[in-house]
Amino acid sequence: MNTPYSFDHDAYAAALQERFAYLTDGEESGVTVKVAGRVMLLRTQGKLAFGTLRDSSGEIQLFALSAVAHDFEAFTKLHLGDWVGVEGEVVRTKRGELSVKVGFWQVLAEARQNFGDKWAGISDFDMRYRHREADLWANPETRTSLTRRSQVLQSIRRNLWDQDFMEVETPMLNGIPTGAAARPFVTHHNALGAEFFLRIAPELWLKRLVVGGYERVFEMGRVFRNEGISPRHNPEFTMLELYVAYWDFEDMMTLTEELCAKVALDVLGTTEITYQGREFSFATGWPRRSMAELASEAVGQDVSVHTPRERLVELLNERDVQVHASWGPGRCLSELFEATSEADIWNPMFVTEHPLEISPLARGHRRDPMLTERFEAFATGRELANGFSELNDPDVQRARFEDQARLAAAGDDEAMQIDHDYIKALEWGLPPTAGLGIGIDRLAMLIADAANIREVIAFPTLKPIREA
RNA sequence: GCGCCUCUAGCUCAACGGCAGAGCAAUGGACUCUUAAUCCACAGGUUUCGGGUUCGAAUCCCGAGGGGCGCACCA
């Protein structure tokens, strides 16, 4: 089929609906416009035809009269989903529907596949995820969710730029997978003859830029973790990490809650969110509670990182948590918190003062050497953000890495490796610095009211289809 | 990785051991104000795939594949 190389459209459906809202039933505007989009519905009635045109902004009716429209016969034979360009006068039909009265029109591209049931759309998950291009037309909620995600990204960038952050990019191909506790994807560079790991976090690179003198940096990009897929996990996901020189973790908590509030306001116009039928507020002033305090409340007795390990193990066993021999009291306390409190945190809250044992990159707490100046933000029962006063003493960092290496030797395949280059970077001097990581997909889920992470990822990771 | 559920026409779904169906889409036709238009006609299937049980299998059993949910891992 011969189709044009371009179409000089000059109007959008939503703008027309607004601009010509004043037209009364049966009134003609005298204004001619050129619109373009897909024909989503088509109703022919003898020498009349009505089509619903959808473009990126919304919908407007096409009203074709056999006496007026170019090639009326062909118009009535359009397929649902065909792209068309239409020129015509803006009118309101007798029945009150704003329409473009079709004059000249042409097919811009055919739809040879249909877009599913015109009422029920496409509900098959496999089809929706493998062919998002069809899902976007068949299910308007999909378009809303992905648009919201984009608006979240835009809002974050704008807010950070406004606060003098510099956006940077750091390597995704890493010789050592580090900056988080996770199993990596492995790949290979032919010319270098070297094994590389897809990054699991950009953390160490970003802090090296702070050593280099950039006081406020952020990176928002993909990280890769070779772990399970679930409604809240995709193997590749988007992480925001930012670092601010001269700040500590208290300052960073304030930035975190302010950023979330701004994003909610920018995208939804309110900080009051309904997620899966239940309300919560992104207004600032989130409670800040220590992990030990929350765990103590949950188990009904005082526990902390100073509680004898045997006592913590007992409490974990009572809750059917399998305790690994390598876990010290810090890890045990953290597991106890996760088993008892985490899932019940619906309203945004900062959980603070994580054990040093589970925080190899965080700076020791100024009041307790067994703890760190770390926080995690939780909302709707899941972790949203993680941050801390950054460990900047190279000798201490070396010792922490060595602890991690011992864990790895004991069989922990998510323990960090020693990164000598990073230690050397710290030897050039990292000023007091606070860092933050936010799982952007998780945030987008809250903003888009999505139950599944795949609803806010255009093309989620799926099993490749094997040829038979 | 483990467990439970699921897969029927292009899409959304029936049939649940006895002739594989409907709506929408598609195809042909009627209709000068429709709104998921309506009406008439026509067509559409190796019931995901491979085995098995049975006189008879979409349906029961075993295996494979895709998907969903839960657990584990994690953000």
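To find a chain, count down the sequence lines: A is the first, B the second, and so on, and within it residues start at 1.
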Is the shortest side-chain N/O distance from A:Arg112 to OP1 or OP2 of B:A26 below 4.0 Å? no

Partner lookup for B:U48, please. Criteria are Watson-Crick or G-U wobble with both distances under 3.5 angstrom; report none if nothing qualifies. B:A64

Over all atoms of both residues, closest heavy-atom pair of A:Ile447 and A:Ala264: CD1-CA, 4.0 Å

Taking atom types as modelled, is there a side-chain donor on A:Arg319 or A:Thr340 under 3.5 Å from an acceptor on the other? no

Determine the Euclidean distance between corresponding C1' atoms of B:A9 and B:A15; express it in Å to zero decimal places. 14 Å

Please state the C1' separation for the pair B:G18 and B:A26 - nearest whole angstrom. 33 Å

I need the CD1-P distance between A:Ile229 and B:C2, as an integer number of Å. 15 Å

Would you say A:Arg225 places a side-chain N or O within less than 4.0 Å of OP1 or OP2 belonging to B:A75? yes

Heavy-atom count around A:Glu250 CD within 6.0 Å, excluding the residue itself: above 12? yes

Atom CZ of A:Arg143: over 12 foreign heavy atoms under 6.0 Å: yes

Check every strand shown and say whether A:Gly26 touches a base, only sugar-phosphate, or nothing at a heavy-atom separation below 4.0 Å. nothing

On RNA chain B, nearest-nucleotide positions of A:Ala181 versus A:Pro231: which is more 5'? A:Pro231

With heavy atoms under 4.0 Å as the rule, sort A:Thr52 into base, sugar-phosphate or nothing. nothing

Which nucleotide sits closest to the side chain of A:Arg130: B:G66, B:A25, B:C31? B:G66

Look at atom CD of A:Gln276 and say whether more than 12 heavy atoms of other residues, nucleotides or ligands are closer to it than 6.0 Å. yes

I need the CH2-P distance between A:Trp119 and B:U12, as an integer number of Å. 16 Å

Could a donor-acceptor pair under 3.5 angstrom be found where the side chain of A:Asp124 meets the base of B:G67? no

Atom-to-atom span, NZ of A:Lys77 to C1' of B:U27 - whole angstrom: 11 Å

Is the phosphate of B:C24 approached by A:Lys118 (side-chain N or O, under 4.0 Å from OP1 or OP2)? no

Rounding to an integer number of angstrom, what distance separates B:A36 and B:A25 when you compare their C1' atoms? 12 Å

Which part of the nucleic acid, if any, lies within reach of A:Tyr129 when heavy atoms closer than 4.0 Å are counted: base, sugar-phosphate only, or nothing? sugar-phosphate

Does B:G1 have a Watson-Crick or wobble mate here (both distances under 3.5 Å), and if so which one? B:C71

The side chain of A:Ser230 is closest to which nucleotide in this list: B:A72, B:A75, B:U12? B:A72

Starting at CD of A:Gln61 and ending at P of B:A37, how long is that distance when rounded to a whole Å? 10 Å

Rounded to whole Å, how long is the line connecting atom CG of A:Leu78 with atom C1' of B:A25? 15 Å

From CG of A:Asp82 over to C1' of B:A25, roughly how many Å is that when rounded to an integer? 13 Å

Rounding to the closest angstrom, what is the interatomic distance between B:G28 and B:G65 at atom P? 43 Å

Between A:Arg382 and A:Ala120, who's closer to the 5' end of RNA chain B by nearest nucleotide? A:Ala120

Mind checking A:Met127 for me? I need base, sugar-phosphate or nothing, with any heavy atom below 4.0 Å counting as a touch. sugar-phosphate

Where the side chain of A:Leu48 is concerned, which of B:U32, B:A75, B:A26 is the nearest nucleotide? B:U32

Hey, is A:Phe125 stacking on B:G67? Ring centres under 5.5 Å, planes under 30°. no

Side chain of A:Arg183, heavy atoms from C-beta onward: which of B:U35, B:A75, B:C73 has the nearest atom to it? B:C73

Nucleotide paired to B:U53 in any strand shown, Watson-Crick or G-U, under 3.5 Å: none

Where the side chain of A:Asn114 is defined as all heavy atoms beyond and including C-beta, which of B:A26, B:A36, B:C11 is the nearest nucleotide? B:C11

For a quick check of understanding: with a heavy-atom distance under 4.0 Å over all strands, which category does A:Asn234 fall into, base, sugar-phosphate or nothing? base

Which of these nucleotides, B:A36, B:C11, B:C31, is closest to any side-chain atom of A:Asp117? B:C11

Compare side-chain N and O positions of A:Gln45 against OP1 and OP2 of B:A37 and report whether any pair is under 4.0 Å apart. no

Is there a donor on the side chain of A:Asp126 or the base of B:G67 sitting less than 3.5 Å from an acceptor on the other? no

Complementary nucleotide of B:C39, counting Watson-Crick and G-U pairs under 3.5 Å: B:G29

So, is A:Ser123 near the phosphate of B:C13, with a side-chain N or O under 4.0 Å from OP1 or OP2? yes

Would you indicate which nucleotide in B:G67, B:A26, B:U32 comes nearest to any side-chain atom of A:Leu80? B:A26

Is the number of heavy atoms from other residues, nucleotides or ligands under 6.0 Å of A:Phe196 CZ greater than 12? yes

Under 3.5 Å donor-acceptor pair, A:Glu97 side-chain atoms to B:U35 base atoms: yes

Rounded P spacing from B:C62 to B:C4 in Å: 11 Å

Could you please name the partner base of B:U59, counting Watson-Crick and G-U wobble pairs only when both distances are under 3.5 Å? none

How far, in whole Å, is B:C49 from B:C42 if one measures between their P atoms? 29 Å

If you look at every strand shown and take non-hydrogen atoms under 4.0 Å, does A:Gln113 touch a base, only sugar-phosphate, or nothing? nothing

Sticking with atom P, work out how far B:G63 lies from B:C2, rounded to a whole angstrom. 13 Å

A:Asn226 side chain near B:C73 phosphate (N/O to OP1/OP2, under 4.0 Å): no

Where the side chain of A:Lys47 is defined as all heavy atoms beyond and including C-beta, which of B:A37, B:U32, B:U27 is the nearest nucleotide? B:U32

Looking for any heavy atom pair under 4.0 Å, which part of the strands does A:Gly439 touch: base, sugar-phosphate only, or nothing? nothing

Thinking salt bridges, do A:Arg232 and A:Glu383 make one under a 4.0 Å N-O criterion? no

Just compare B:G67, B:C31, B:C73 and give me whichever is closest to any side-chain atom of A:Leu462. B:G67

If you measure from the P atom in B:C19 to the same atom in B:C31, how many Å do you get, rounded? 41 Å

Salt-bridge test for A:Glu353 and A:Arg288: reply yes if a basic N is under 4.0 Å from a carboxylate O, no otherwise. no

Between A:Phe197 and A:Phe185, is any pair of side-chain heavy atoms under 4.5 Å apart? no

Applying the 3.5 Å cut-off to both distances, the Watson-Crick or G-U partner of B:A9 turns out to be none

Spacing of A:Arg54 atom CZ relative to B:U35 atom P, expressed in whole Å: 18 Å

Is A:Thr3 close to A:Gln106 at the side-chain level, that is, under 4.5 Å between some pair of heavy atoms? no

Atom-pair distance (CZ on A:Phe115; P on B:A36), nearest Å: 20 Å

Any A:Lys463 side-chain N or O less than 4.0 Å from OP1/OP2 of B:G66: yes

